[in-house]
Number of protein chains: 2
Amino acid sequence: MSFAQLDPLLHSQLRLAVMSLLIGVDSAEFVFIKEKTGATAGNLSVQLDKLSNAGYISVTKSFKGKKPLTTCSITKVGIKAFEDYVNNLKQYIE
Amino acid sequence: MSFAQLDPLLHSQLRLAVMSLLIGVDSAEFVFIKEKTGATAGNLSVQLDKLSNAGYISVTKSFKGKKPLTTCSITKVGIKAFEDYVNNLKQYIE
DNA sequence: AAAATTAGGTTTATAATGTAAACCATTTTA
DNA sequence: TAAAATGGTTTACATTATAAACCTAATTTT
């Protein structure tokens, strides 16, 4: 039995933290994710794009009053990918 | 509570697989590790160097008959680092 | 006994990735 | 009305991962 591949999109500290956050909530705002993960805004913006392009999260941009508001939520595909990642990872750490 | 840092030296698929292998055995030979992980020799060579330089594994080079033989084993420091990594990681995946 | 192949690696060039710094538009504060 | 803050995005750079090329010695083939 050899080691399963770990989805490279999830095997990134920041992206994994984002997914970990999102899997527990309905949705979360950019600023909230930024604070919880301790990421810089720039880095977070890039990584959210990657997760979004992969279909792992959905990102909607609107306004809170007159300020931009970016809201994220995990998708079904994202949940599946996260679960698979965790299962594969367990092979490495158990 | 924010997310703990994941040791970047261990947060690499191949290096994690190597550590995962080594934590269960006394020692392992280069070719064995290569086969178990599915890595190319070049990549494995580089990653073993990194783990070795960090003091996470010890690497001894000798000869089996007249062929070179590279043997690896995990160190105490390596075990500790691996355990810490696993503990921190659990925060992300549970 | 050359020549080719295999074994066991290492070196290095390139591609991919991660990240912070710089930037932009708007809004609030002094 | 400047200056600073908010909420991001873009982009340039540094780091990392990886495969391809290479090396030395030992076998095997012709």
Side-chain angles (χ1 to χ4, degrees), chain A residues 2-22 27-54 56-73 81 85 92, chain B residues 2-22 27-54 56-73 81 85 92:
Chain A
S2 82
F3 292 93
Q5 279 290 117
L6 298 176
D7 183 346
L9 214 80
L10 293 183
H11 198 66
S12 137
Q13 185 171 175
L14 180 50
R15 289 194 300 268
L16 190 63
V18 168
M19 294 293 280
S20 178
L21 265 183
L22 291 183
S27 70
E29 298 178 6
F30 186 97
V31 172
F32 175 80
I33 300 174
K34 177 174 176 298
E35 277 165 8
K36 280 289 183 181
T37 59
T40 61
N43 193 11
L44 182 57
S45 178
V46 170
Q47 308 309 330
L48 289 180
D49 267 6
K50 289 185 186 176
L51 290 172
S52 173
N53 288 334
Y56 289 3
I57 67 173
S58 70
V59 177
T60 62
K61 283 149 204 278
S62 59
F63 287 86
K64 174 160 62 178
K66 293 184 176 177
K67 288 178 190 167
L69 176 69
T70 298
T71 306
C72 305
S73 57
Y85 173 80
Y92 291 74
Chain B
S2 82
F3 293 92
Q5 279 291 116
L6 298 176
D7 183 347
L9 214 80
L10 294 182
H11 198 67
S12 135
Q13 185 171 175
L14 179 49
R15 289 194 300 270
L16 190 63
V18 168
M19 294 293 280
S20 178
L21 265 183
L22 291 182
S27 69
E29 299 177 6
F30 187 95
V31 172
F32 175 80
I33 300 174
K34 178 174 174 300
E35 278 165 8
K36 279 291 183 180
T37 58
T40 61
N43 192 11
L44 182 56
S45 180
V46 171
Q47 308 310 328
L48 289 179
D49 266 6
K50 288 185 187 177
L51 290 172
S52 174
N53 288 334
Y56 288 3
I57 68 173
S58 69
V59 177
T60 63
K61 282 150 205 277
S62 60
F63 286 86
K64 174 159 61 177
K66 294 184 175 175
K67 288 176 190 169
L69 176 68
T70 299
T71 307
C72 305
S73 55
Y85 173 81
Y92 291 75

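Chain A is the first sequence line, chain B the second, and so forth, proteins listed ahead of strands; every chain is numbered from 1. Here the structure is a predicted model, which means the values were calculated and not measured.
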| message | Over 60° means perpendicular and under 30° means parallel, so tell me whether B/Tyr85 and B/His11 are parallel, tilted or perpendicular. | response | tilted
[X] [atom1] to [Y] [atom2] distance, which is reported to the nearest 0.5 Å:
X       : Y       : atom1 : atom2 : value
A/Leu6  : A/Tyr92 : CG    : OH    : 4.0 Å
B/Glu35 : B/Leu21 : CD    : CG    : 11.5 Å
B/Ser52 : B/Gln47 : OG    : CD    : 12.5 Å

| note | Nt span of DNA chain C in reach of chain B heavy atoms at under 4.0 Å, 5' end first, is C/dA7 to C/dT12
In the structure I gave you, are the side-chain heavy atoms of [X] and [Y] within less than 4.5 Å of one another anywhere?
X       : Y       : result
A/Thr37 : A/Gln13 : no
B/Ile33 : B/Leu22 : yes
B/Val18 : B/Leu44 : yes
B/Thr60 : B/Leu69 : no
A/Lys50 : A/Val46 : yes

Nearest whole Å is fine: how far is [N] [atom2] from [X] [atom1]?
X       : N     : atom1 : atom2 : value
A/Ile33 : D/dT6 : CD1   : C1'   : 17 Å
A/Leu48 : D/dG8 : CG    : C1'   : 11 Å
A/Phe32 : D/dG7 : CZ    : C1'   : 17 Å

| query | With a 4.0 Å cut-off on heavy atoms, is B/Leu44 in touch with a base, just the backbone sugar-phosphate, or nothing at all? | reply | nothing
Enumerate the protein-to-nucleotides 15-19 of chain D contacts in which both atoms are nitrogen or oxygen and the separation is below 3.5 Å.
unit_1 : atom_1 : unit_2  : atom_2 : d
D/dA17 : OP1    : B/Arg15 : NH2    : 3.2
D/dA17 : OP2    : B/Arg15 : NH1    : 2.6
D/dA17 : OP2    : B/Arg15 : NH2    : 3.1
D/dA17 : OP2    : B/Lys50 : NZ     : 3.4

| field | Contact residues, residues 59-66 of chain B to DNA chain C [heavy atom, < 4.0 Å] | value | B/Lys61
| query | If you pin A/Lys67 and A/Ala41 to their nearest nucleotides in DNA chain C, which one's is more 5'? | reply |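 Between the two, 5'-proximity favours A/Ala41.
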| field | Sidechain-backbone polar pair: B/Ser20 side chain, B/Leu16 backbone, donor-acceptor under 3.5 Å | value | no
| said: Show the nearest heavy-atom pair for residues A/Lys34 and A/Thr40, with the distance to one decimal. | reply: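 Shortest heavy-atom separation between A/Lys34 and A/Thr40 comes out as CE-C, 4.3 Å.
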